[in-house]
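Index from 1, following the sequence. Remember, predicted model here, so these are calculated numbers, not experimental data.
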Amino acid sequence: MMKARLLTYISQPTEECADVKSHAIVADLNPRQAEAVLHTEGPLLVLAGAGSGKTRVITRRIAYLIGHCGVPPWNILAVTFTNKAAGEMKRRVADLLGQGCSEPGPRDDGSVWVGTFHSTCVRILRKHGAALGIKSSFVIYDDGDQLSLMRDCLRAQGLSERSLNPRAVLSRISRAKNELLSAEEYVLQANDRMEERTAKLYILYQERLDSLQALDFDDLLMATVRLFEQHPEVLAAYQDLWRYILVDEYQDTNHAQYRLIHLLASRYGNLCVVGDDDQSIYRWRGADLNNILDFERDHPGCAVIRLEQNYRSTPQILQGAGGVVAHNYGRKGKSLWTENEVGDPIVLYRALDETDEALFAVRTIQSRVADDGTGYDDYAIFYRTNAQSRVLEEALRQALIPYVIVGGLRFYERKEIKDLLAYLRWVINPADSISFKRLVNAPARGIGPATIAKLELLAMQEKATIWEACQRAVQERLLNTKQQAAMERLLHLIEEVRAQSAVVPIPDLIGELITGSGYAEELEHERTPEAESRLENLKELVTAAQEFAERNVDGGLAAFLDSVALISDLDEYAEGRGAVTLMTLHTAKGLEFDTVFMVGLEEGIFPHAFAMPDERELEEERRLCYVGMTRARQRLYLASARQRRVYGNRSFNLPSRFLDEIPPEVLQVRDPWASEAMGLSPRTVPERQEDEPFVDRLYPGARIRHPDFGIGIIRERSGSGDDLKVVVRFNRAGEKKLMVKYAQLEQA
């Protein structure tokens, strides 16, 4: 019966759609979930709060369309952002309907198409790309392929990577493609020297891609949109094919994805988008929050259903997270609630420093595992940047607690860290050719594989070290002019550090290598989130060396390298199941754990310093905090440090503003270092006091409100008394210098 129904083409839902109350597909859903499943016709916006069962709604909706309304499987398109999520949707639909939903239909498209945006576009372009001159055999270039090609383009235009970072250029081109700007259109809007140079490279890069019959990931979206716009007959065919469209994580869509979906849905209008404006955390990757905020404007008369019953977290966790995100202006608004038990209050631990913060997490995990029989895999620790993981990893290792890092390499396995360690190893051991080959083009020096092979051959023939071979190549001018100059600078740097290694502290040696090698400069010029993270990791390496020096007064560079090698061996102990999970807050989205620790809740750390001057960035940081908090099922621990070592220097940070936004009735504060007997003066331990004079709260990074300019972030403070002035970055009005006495400022 089911199979017969599935193989019958029905262009409109049957009357059976009205008979819904007793249908098994919706019998166990709550009223709002059932409403979202049963609203099959026309545009629908499902605002699905964290832990509200959105995947269940999407899969039940697909099953209901097929199994109850008679919609052929091939008339349904479901789009999400990860292959894992797509696979889970397919599995759940198959469980609900059996294999009928995969039966071949009257078209070769067969069954429900559940996939990512990119896989959907590949499918379309393989079949119809010839209309744009794209062969069906096109290859897809990944990040490494794109980087190699961009380097070729730079060389073709006589540009060095020092003068123009290829990753930075690719990042700009990616943003342009996400906005559906062709190379020619980008040229017309370029308004500064960097954009003009990027425009020329964009043209050349795209020409090379075309000649190679290759598409990068952004091209997959852009080319499909172009195909639909330039060839309406192709668009019409897919509009007729996919009459019911569902999009998951709609808050994360960029402009190209938005345009693609709205072209497909424009004929029948059966577009259901599911998302949470409070969980939009990928603006830096091109996601446009306005896509979900403006959905009702784009689709007049659309239905809006809010999924507000949470099945994951305790009421206290939900109240705390809701209190934080409620301070954002750019949101639809919803109130999560749950029938779960009240549970424990949210715990805020005020640590002395980052080591105390890590020990608090470790000791709490040890205690709970011993007392209530939970497993290590019930625990997760979240942080804002990858560099924060090092201290946590060391504390877990010392306690013999296994851990895994999700979405990133362990600290000492990260590329930039291994590159710098290679420099240090070559300082210690001039015969270490493996380290030489790693560092010689980190950053790029134009010394290619052929030249490296010649140097290794020379060392072998002369029975010399790779260091001696490099010296001879320089002395006898065996390299071309560019390589000669680069190698001279490299050898001089290593000689200097080697000479200083016996007397200069290890952190200073590492700092000299980071700057003297040009590594820091290259990352600074890149200006991408990835580059910022890598630079922070290098700074954390300096901190690690300083802590090693403090623990090992007589330990030299060789001893430090030995300690790092030992850490790498112990890292293997953490592999496998039954381990504490470490990850960035961005990586945590979509996951959940019984117990969550969020560390580093300080101004400048979280919210991150780069976000504080920009109200839009600050709101995204707040959404990121909300995402992290709502990953916790039963217990949530927050931690901030009074002082934290950054790049080898102690900094004294104010507690994160997000902590002030948590309702106090759900927050339990533990502050073992509050006593003045600990030798911590108010000056050393800055804390916000309720009775603190307002002018004393006007510190850089503070959030204020001006009667005319609106909300802004203080950038600088100067003067005192009646002459106190502040420089404020306002979201709407830009940067203003104000005399506090007359500015009528308020705390925001």
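How far CG of N386 is from CD of E532: 12.5 Å, rounded to the nearest 0.5 Å. Here the straight-line distance linking atom CD1 of I714 with atom CG of L698 works out to 4.5 Å at 0.5 Å rounding. The distance from atom CG of L638 to atom CD of E357, rounded to the nearest 0.5 Å, is 10.5 Å. The distance from the CZ atom of R312 to the CD atom of Q634 is 13.0 Å, given to the nearest 0.5 Å. Rounding to the nearest 0.5 Å places CD of Q643 at 10.0 Å from CG of D356. Taking CG of L659 as the start and CG of L601 as the end, the distance is 5.0 Å to the nearest 0.5 Å.
With M629 as the partner, the side chain to side chain contact (heavy atoms under 4.5 Å, CB included) test is satisfied by one option alone out of V596, V325, V324: V324.
When side chains are defined from C-beta on, L582 counts as touching L396, because their heavy atoms get closer than 4.5 Å. Between H706 and V728, every side-chain heavy-atom pair lies at or beyond the 4.5 Å cut-off. Side-chain atoms of L745 and V726, non-hydrogen and from C-beta on, do get closer than 4.5 Å to each other. In this structure, Q257 and L221 have side chains that are in contact, with non-hydrogen atoms separated by less than 4.5 Å. The shortest side-chain heavy-atom distance between H255 and N178 does not fall under the 4.5 Å cut-off. Counting heavy atoms from C-beta outward, L44 and I305 have side chains that approach closer than 4.5 Å. Side-chain contact between N291 and L293: absent, with no pair of heavy atoms (C-beta onward) separated by less than 4.5 Å. Y329 places none of its side-chain heavy atoms less than 4.5 Å from the side chain of R616.
A salt bridge links E592 to R633: at least one charged side-chain nitrogen sits closer than 4.0 Å to a carboxylate oxygen. R631 and D594 are not joined by a salt bridge, as no carboxylate oxygen comes within less than 4.0 angstrom of a charged side-chain nitrogen. Ion pair E550/R645 flagged as a salt bridge, since at least one NZ, NE, NH1 or NH2 atom sits closer than 4.0 Å to an Asp/Glu carboxylate oxygen. We find that R657 and E621 are not joined by a salt bridge, their nearest charged nitrogen and carboxylate oxygen being 4.0 Å or further apart. Look at R283 and E620 and you find no salt bridge, because none of the NZ, NE, NH1 or NH2 atoms lies under 4.0 Å from a carboxylate O. Salt bridge R331/D278: present, at least one basic N to carboxylate O contact under 4.0 Å. Classification of K589 and E249 as a salt-bridged pair holds, one side-chain N sitting under 4.0 Å from a carboxylate O. The existence of a salt bridge linking D277 and K332 is excluded, since no basic side-chain nitrogen approaches an acidic carboxylate oxygen closer than 4.0 Å.
Between the S280 side chain and the D276 main chain, no donor and acceptor come within less than 3.5 Å of each other. Although no hydrogens or angles enter the test, the distance criterion places a donor-acceptor pair under 3.5 Å between the side chain of T364 and the main chain of F360. For Q189 (side chain) and E185 (main-chain N/O), no donor-acceptor pair under 3.5 Å exists by modelled atom type. In this structure a side-chain-to-backbone donor-acceptor pair under 3.5 Å is present from N328 to E619. In this structure, the side chain of E602 does not engage the main chain of N653 through any donor-acceptor pair within 3.5 Å. Between the side chain of D192 and the main chain of E195, a donor-acceptor pair closer than 3.5 Å is present. The closest donor-acceptor contact from the side chain of T630 to the backbone of Y626 lies under 3.5 Å.
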Verify salt bridge (charged side-chain N to carboxylate O under 4.0 Å, His left out) between D353 and R642, making sure each step is shown before the conclusion.
-> CA-CA 6 Å; D353 54 22; R642 285 185 161 87; over 6 Å; no

Please walk me through it: do T253 and I261 pass side-chain contact (heavy atoms from CB on, under 4.5 Å)?
-> CA-CA 10 Å; T253 53; I261 289 300; over 6 Å; no

Given the rule in the side-chain contact (heavy atoms from CB on, under 4.5 Å) test, do R384 and L624 qualify, once you have shown the distances and angles that lead to the verdict?
-> CA-CA 9 Å; R384 178 62 181 81; L624 187 60; 3.7 Å; yes

Determine, stepwise, if the pair F606 / F658 fulfils ring pair (Phe, Tyr, Trp, His ring centres under 6.0 Å).
-> CA-CA 9 Å; F606 188 36; F658 302 151; 5.4 Å; yes

Report the C-alpha separation of K736 and V727 in whole Å, then their side-chain angles, then the decisive distance to 0.1 Å, and conclude whether the side-chain contact (heavy atoms from CB on, under 4.5 Å) test is met.
-> CA-CA 6 Å; K736 304 288 184 181; V727 176; over 6 Å; no

Show your working on side-chain contact (heavy atoms from CB on, under 4.5 Å) between V274 and V247 and close with a plain yes or no.
-> CA-CA 6 Å; V274 183; V247 183; over 6 Å; no

Starting from the C-alpha separation in whole Å, work towards a yes-or-no answer on side chain to side chain donor-acceptor pair (under 3.5 Å) for S389 and R414.
-> CA-CA 12 Å; S389 75; R414 293 166 187 159; 3.2 Å; yes

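In this model, no donor atom of one side chain and acceptor atom of the other lie less than 3.5 Å apart for S52 and N310. Between N340 and T314, the side chains place no donor N or O within less than 3.5 Å of an acceptor N or O (distance only, hydrogens not considered). Counted by atom type alone, R350 and S640 present one or more donor-acceptor pairs between their side chains at under 3.5 Å. Under 3.5 Å, the side chains of R175 and S171 contain a donor-acceptor pair of N or O atoms. Side chains of R644 and T543: no donor on one and acceptor on the other come within 3.5 Å. Under the 3.5 Å distance criterion, with hydrogens and angles disregarded, a donor-acceptor pair is assigned to the side chains of R670 and Q668. A donor and an acceptor atom, one from each side chain of D671 and Y349, are nowhere located under 3.5 Å apart. A side-chain donor from one of E536 and H608 sits under 3.5 Å from a side-chain acceptor of the other. With hydrogens and angles left out, the side-chain atoms of Q319 and E665 include a donor and acceptor closer than 3.5 Å.
In this structure, F709 and L738 approach most closely via the heavy-atom pair CE1-CD2, 4.1 Å. For the residue pair G600 and I605, the shortest heavy atom distance occurs at O-CG2, 3.2 Å. Residues G49 and L336 share a closest heavy-atom pair of CA-CD2, 3.7 Å. Minimum heavy-atom separation, D218 to S174: OD2-OG, 2.8 Å. A pairwise comparison of heavy atoms in L289 and G330 identifies CD2-O, 3.6 Å as the closest pair. When all heavy atoms of Y519 and E416 are compared, the pair lying nearest together is OH-CA, 3.3 Å.
Between H262 and Y258, the ring-plane angle classifies as tilted under the 30° and 60° cut-offs. Using the six-membered ring where Trp is involved, Y250 and F295 have ring planes that are perpendicular, over 60° apart on the 30 and 60° scheme.
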